[in-house]
Number of protein chains: 2
Amino acid sequence: MPEQPVRARLVDVAEMAKVSKATVSKVLNGRQDLSVRPETRQRVQEAAAALGYRPHSGARALAGAGTHALALLVPALDNPTYVTIARGAYQRARELGYLSLLAEDFDGQEADESFNDLVQEGRVDGLLIASARPGHPLLDALSRTPVPHVFLNRSVEGSGRNVTMDVARSSITALDHLYGLGHRAVGHIAGPPGITPSEHRKKAFLRHAGELGLSASPVASGDFTEDGGVSAALQLLRPADGTRRPVTAIYTSSLAQAMGAMTAVRDLGLRIPEDVSVVGNDDLPVAGHLSPPLTTVAMPLYELGTAAVEALLAAIQGAPVGDVVVPTEPRLVLRGSTAGPGGTA
Amino acid sequence: MPEQPVRARLVDVAEMAKVSKATVSKVLNGRQDLSVRPETRQRVQEAAAALGYRPHSGARALAGAGTHALALLVPALDNPTYVTIARGAYQRARELGYLSLLAEDFDGQEADESFNDLVQEGRVDGLLIASARPGHPLLDALSRTPVPHVFLNRSVEGSGRNVTMDVARSSITALDHLYGLGHRAVGHIAGPPGITPSEHRKKAFLRHAGELGLSASPVASGDFTEDGGVSAALQLLRPADGTRRPVTAIYTSSLAQAMGAMTAVRDLGLRIPEDVSVVGNDDLPVAGHLSPPLTTVAMPLYELGTAAVEALLAAIQGAPVGDVVVPTEPRLVLRGSTAGPGGTA
DNA sequence: CCGCCTGAGGAAACCGGTTGACTGAAACTT
DNA sequence: AAGTTTCAGTCAACCGGTTTCCTCAGGCGG
């Protein structure tokens, strides 16, 4: 029977192709330091294909050739934003001959464990880090045991290995949209302090609000969750200090926050978009299934994943790293949660 | 300086503890076939701790001791159901000394690739498969290259390695709730054919509807997505065949379907829960942030993950496998999307 | 006093690849 | 014709663990 009941090894391929292990290895890895007759090369490749040969990653790693695997560390997997990034990373890695693993690093809680399991135990050749923040334990671990890595989405100032999107642009896009509809008092829900994309979004929001001469542009902070959105929205719509800040629109830093904000608006007996317009960041399928469907700024999340992989692999191959900004521009996705103040179209 | 700039190896520990590699290996792996003085044992353990020693997974795997890693294959990561399962699996695996990796198998598309990357390249010792379905390529691969595995959530009939939840019970719980509110015509949105949990839920729904003597209990199928929920709900509320099936409540197989159903209900100009009550499966944070908040049946997803890991590790250690049902019962989580027909409390 | 057993630990082969040094034959120089 | 290249590939060490089989020393029984 033509079955191979057990993994084929390099020697099996060598035997079948009637050459030595060394030759097989060099042929399959496409090394130039070896000259082979095209005929031999083909025999090797056919044998490998016939046996369904796959090199044992452990053996390969041991021999100093790396594991051909990466790991992406994300702060939360129930945030679909990171799932999209992960998909981009996975696909691009695969195209480049690598495997991208996914690990959840609950805001630093699991960082050391992941680092040990993945890097110290030699399972990966490098890290894509999307969970960075100031004082994150990973930064320590990286300085003690250096390993190729890049930071994505959340950058680390001065690291020179940040892969980010143009989040400032997303604030401008959202604000221009609301301004165009006639809004002059727009509130912003930012993320927790210290998280760079959120900080940048907030700065750009305030700067552009100034440029447009908005009458009010209050900012409230909250976690990137529904609950964070609820409480921040309440601050904007019903400030604790009693000041009257009658925002007619809210622009949030994440999709979940936007969902929370919508809940809060309704809980106050207000309507969307008639009384308050809402714009979220990150266009994910669920946005279209809210009521009303949510207007969002679509960020190039998938591309962020692919770009981060490219940067990391370049670094692994010894190229100098450097900050990268994904060129794709944020794009407004118009849905039913925005209208002119008072509900005008 | 007390730094160890590079990974500590077994020999480093051996040297520091003034024993041989063999002794260190045996001590750290807690093998009984070696007798050591408590004093020596302690020296070894202290040395390992001092150096932050971690065995190289590749070396260990090569030497025949396995990789101490598992992989969980899920059909879709943007379905938070699987994220919860994955968290349970990860934690339990960690407690038992294993690393659980996560791979997305877009309904069979990536199955062979994942299998090659993870199993054939020797990165994992076993598979947790949540993406099974009839004719799935993985089933083939598994028969060609056997590797320890269990199926979770989606079972494979006759495999004798299914880890599942009591989904029949969830239908009964949901139906009893709606019946208690006074509903006599309840529709069900099932998943695509061939997916076992959905089939079982559907069977239990029909059986229990019969037991309760419901006047109507139509079933429509759709993907486990928002869109699937939309079209299935439309079939229930406005059947193409012109028959009048005035369901006053809908029970769905997934959370996303419930969200889609809610959209569909509203698009028809109906109100929730006054005109139509909706109950979803799987209680996830987003359910509380819909409008109205969604009543759900909470399934023991986290426990499903932990139970699957326990079953797989037992199998890896050579224990006979067998089907397992997670003992935790589904639990109704009451929110605003259900009320008596006509909107009575 | 000698042989044997037991407790404590060591030596070395092996897992499956990679890699740099090396070799034998053919082709080319001079 | 002899020496030198080049071609085409081979040899064997090595990576970092695990495991099986040994060894050595001391204690014990006879």
Side-chain angles (χ1 to χ4, degrees), chain A residues 4 6-45 47-48 51-69 97 119-123 125 145, chain B residues 4 6-45 47-48 51-69 97 119-123 125 145:
Chain A
Q4 68 274 9
V6 74
R7 287 192 66 252
R9 291 156 310 159
L10 190 63
V11 276
D12 301 325
V13 177
E15 204 168 306
M16 185 167 183
K18 305 219 186 306
V19 294
S20 69
K21 285 172 28 165
T23 304
V24 176
S25 175
K26 288 171 181 165
V27 166
L28 294 182
N29 289 316
R31 297 189 56 112
Q32 347 275 26
D33 64 342
L34 171 78
S35 52
V36 265
R37 276 175 298 169
E39 169 201 335
T40 306
R41 176 186 307 276
Q42 191 180 341
R43 271 212 323 283
V44 169
Q45 279 160 345
L51 295 171
Y53 170 70
R54 296 233 116 192
H56 187 286
S57 80
R60 188 182 248 200
L62 252 196
T67 61
H68 283 223
V119 176
Q120 300 280 33
E121 294 192 356
R123 294 183 202 275
D125 298 339
T145 307
Chain B
Q4 68 276 11
V6 75
R7 286 192 68 252
R9 290 154 312 158
L10 190 62
V11 275
D12 300 325
V13 178
E15 204 168 308
M16 185 166 182
K18 306 220 187 307
V19 294
S20 70
K21 287 176 19 168
T23 304
V24 175
S25 174
K26 288 171 184 165
V27 165
L28 295 182
N29 289 317
R31 297 189 57 111
Q32 350 274 27
D33 64 343
L34 170 77
S35 53
V36 264
R37 275 175 299 168
E39 169 201 336
T40 307
R41 178 186 305 277
Q42 192 180 341
R43 273 213 323 282
V44 169
Q45 278 160 345
L51 294 171
Y53 171 69
R54 295 236 121 191
H56 188 286
S57 79
R60 187 182 249 201
L62 251 197
T67 60
H68 283 223
V119 176
Q120 301 277 33
E121 294 191 357
R123 291 183 206 273
D125 298 339
T145 307

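By convention in this document, chain letters (A, B, ...) are assigned in the order of the sequence lines, proteins followed by strands, and residues within each chain are numbered from 1.
- At distances below 3.5 Å, at least one donor-acceptor pair connects side-chain atoms of B/Arg123 with backbone N or O atoms of A/Thr67.
- Taking only side-chain nitrogens and oxygens, B/Thr40 never comes nearer than 4.0 Å to OP1 or OP2 of C/dA8.
- What separates NZ of A/Lys26 from P of D/dC7 is a distance of 15 Å, to the nearest Å.
- Whole-Å rounding puts the A/Arg54 CZ to C/dG16 P distance at 17 Å.
- DNA chain C lies under 4.0 Å from at least one heavy atom of each of the following residues of residues 60-69 of chain B: B/Leu62, B/Ala63.
- Minimum interatomic distance between A/Asp125 and A/His68 (heavy atoms only, all atoms of both residues): OD2-N, 2.8 Å.
- Among C/dG17, C/dG9, C/dT19, the nucleotide with an atom closest to any side-chain atom of A/Arg31 is C/dT19.
- With rounding to the nearest 0.5 Å, the separation of CZ in A/Arg7 from CD in B/Glu121 is 8.5 Å.
- Considering only side-chain N and O atoms, B/Thr23 lies under 4.0 angstrom from the phosphate OP1 or OP2 of C/dG10.
- When rounded to the nearest whole Å, the span between NZ of A/Lys18 and C1' of D/dA8 equals 18 Å.
- The base of D/dT19 has none of its N or O atoms less than 3.5 Å from a complementary donor or acceptor on the side chain of B/Lys21.
- For C/dC15, neither phosphate oxygen OP1 nor OP2 lies less than 4.0 angstrom from any side-chain nitrogen or oxygen of A/Arg7.
- Within the model, atoms OG1 of B/Thr23 and CZ of B/Arg41 stand 11.0 Å from one another, a figure rounded to the nearest 0.5 Å.
- With values rounded to the nearest 0.5 angstrom, A/Gln120 atom CD is found 12.0 Å from B/Ser57 atom OG.
- From B/Asn29, atom CG reaches atom CZ of B/Arg60 across 5.0 Å, with rounding to the nearest 0.5 Å.
- Summarising the geometry, the separation between CZ on A/Arg43 and C1' on D/dA8 is reported as 11 Å, rounded to the nearest angstrom.
- When rounded to the nearest whole Å, the span between CD of A/Gln32 and C1' of D/dG9 equals 16 Å.
- Heavy atoms of other residues, nucleotides or ligands lying less than 6.0 angstrom from CD of A/Gln45 number more than 12.
- Rounded to whole Å, the distance from CG on B/Asp33 to C1' on C/dG10 is 14 Å.
- Straight-line distance from the CZ atom of A/Arg123 to the C1' atom of D/dG17: 13 Å, rounded to whole Å.
- Between A/Gly58 and B/Ser35, the one whose closest nucleotide on DNA chain C sits nearer the 5' end is B/Ser35.
- Between C/dG17 and A/Tyr53, a contact under 4.0 Å exists linking OP1 or OP2 to a side-chain N or O.
- Listed nucleotides C/dT19, C/dG16, D/dG9 differ in distance to A/Arg9; the shortest reach to its side chain belongs to C/dG16.
- Nearest to the side-chain atoms of A/Leu34 among the listed nucleotides D/dT18, C/dG17, D/dG9 stands D/dG9.
- One can place CG of A/Asp12 at 12 Å from C1' of C/dG17, the figure rounded to the nearest angstrom.
- Nearest to the side-chain atoms of A/Val36 among the listed nucleotides D/dT18, C/dG10, D/dG9 stands D/dG9.
- Of all nucleotides listed (D/dG9, C/dG10, C/dT19), C/dT19 comes nearest to the side chain of A/Ser25.
- Judged by distance alone, with hydrogens and angles left aside, the side-chain atoms of B/Arg43 form a donor-acceptor pair with the main-chain N or O of B/Ala17 at under 3.5 Å.
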